[in-house]
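Numbers here simply count residues along the sequence, with the first being 1. When a ligand or atom number is given, it counts from 1 through the structure's own listing order.
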Amino acid sequence: MKRDTKLIHAGRAKQYTGKVVNPPLVRASTIVFDSFAELKHATLNRGNRVPFYGRRGTDTHFALQQAICEVEGGAGCALYPCGAAAISGALLAFLQSGDHLLMVDSAYEPTRALCDKLLTGLGIETTYYDPQIGAAIAGLIKPNTKVIFLESPGSLTFEMQDIPAITAVAKQHNIVTILDNTWASPILCQPFTLGVDVSVQSATKYIVGHSDVMLGTASANEKHWPQLREHSYLLGYCASADDAYTALRGLRTLSVRLKQHEQSALSVANWLSQRPEVATVLHPALPGHPGHAIFKRDFSGSNGLFSFVLKQGSQQQVEAFIEGMAHFKMGFSWGGYESLITATMKVQNLRTATTWPYSGPLIRLHIGLEDVEDLLADLSAAFVRFHQAELTSYDDSQR
Ligand SMILES: *Cc1c(COP(=O)(O)O)cnc(C)c1O
């Protein structure tokens, strides 16, 4: 079955759908049993999508878990109230006091904050590593290294990681690899074929796809699923049935949405790379990107999220650029149908293992499903405001 067909069938087994098209929304805390034998069966099989207790999920959750496994390739999938919970749940499932974690330097900023502010207090030491380290990660492994965490591409700066090179080293040392696969969604990268043990999704982004739900998933291969499932359950992680239902609905159109996001984002990225104000466009599908060869090897496509770096620009100019857009809304949680814009003045402040090579401000765009001509007109006007702000600040300095 081809990928797009799989997205239509995923999680829609007769046992879930009965006589309707979509797996129904089943909300529950208590599961009631008809007999002691049934109760006993549920108790013994609670890892096998048999209803047991609300926190373990209902058929709506099971249908989504099954669907994510079918499209992303894991042996099992745990649900979380958001992507950040999926990250903490996956890390805490495999780390304990005294352990060492290798964390990619380009990680999503709240992931870094979790390591620095919470894992440290639990006695878990983090070493940040260069996203482009590849097999040389072997040099950073200590006797107590238990997890290597990857995110590729980095969702602000878009460095590509050599996932198979890193997972091969991890396997030699019996280290668990966890990948934040949110940028790829479950369909643009198949992490388990690249040797990853646990793949995390912020389903809040492209899976739900409409900017109205917080949800996370962590999927694992056969070997790591039992521990991920049990530890996440012990920590009390679960998600609402309504949100699981919304994610199932989002999955059906994921591929068509992504194709449009990809095509429009590439048009905007190419347009930006011609602008004299732009130092570089950080988009791995562009042939000039340093991670392009890895991207071509490991990914089947790109999406709507990328960044570009300006040659220079004051805070005032950046403000003038990103305020007053007609279509790009200012906000962070990308993956919906709408275009978004954010800016980071000093990327180096988010780095400890690597030196960020650009001095100008970084602007991140999420290209939504609007007509690309309207988006380009919006960006053209932003560059006009950017230059006007430079003149204003020059005038101010003369006064
Ligand atoms: C948004 C995001 C998260 C966190 O997901 P939430 O659902 O917002 O908690 C984690 N990783 C990446 C790469 C993200 O973009």
Quiz item: Any luck finding a side-chain donor-acceptor pair between Q161 and Q132 under 3.5 Å?
Solution: no
Open item on the list: Salt bridge or not between R385 and E323? Use side-chain N to carboxylate O under 4.0 Å.
Closed with: no
Please test W334 against F332 for ring pair (Phe, Tyr, Trp, His ring centres under 6.0 Å), starting from the C-alpha separation and ending with a verdict. CA-CA 6 Å; W334 49 274; F332 292 104; over 10 Å; no
For this session: Compare all side-chain heavy atoms of L179 with those of I163 and state whether any distance is below 4.5 angstrom.
Result: yes
Quick one: is the NZ or CZ of R49 closer than 6.0 Å to the six-membered ring centre of F62, and within 45° of its axis?
no
Sidechain-backbone polar pair: E370 side chain, S339 backbone, donor-acceptor under 3.5 Å: yes
Write out each pair where an N or O from ligand 1 and one from the protein are under 3.5 Å apart, with the distance.
| residue | atom | partner | partner atom | Å |
| --- | --- | --- | --- | --- |
| ligand 1 | 5 (O) | S202 | OG | 2.9 |
| ligand 1 | 7 (O) | G83 | N | 2.7 |
| ligand 1 | 7 (O) | S202 | OG | 2.9 |
| ligand 1 | 7 (O) | T204 | OG1 | 2.6 |
| ligand 1 | 9 (O) | G83 | N | 3.1 |
| ligand 1 | 9 (O) | A84 | N | 2.8 |
| ligand 1 | 11 (N) | D180 | OD2 | 2.6 |
| ligand 1 | 15 (O) | K205 | NZ | 2.6 |
| ligand 1 | 15 (O) | W334 | NE1 | 3.3 |

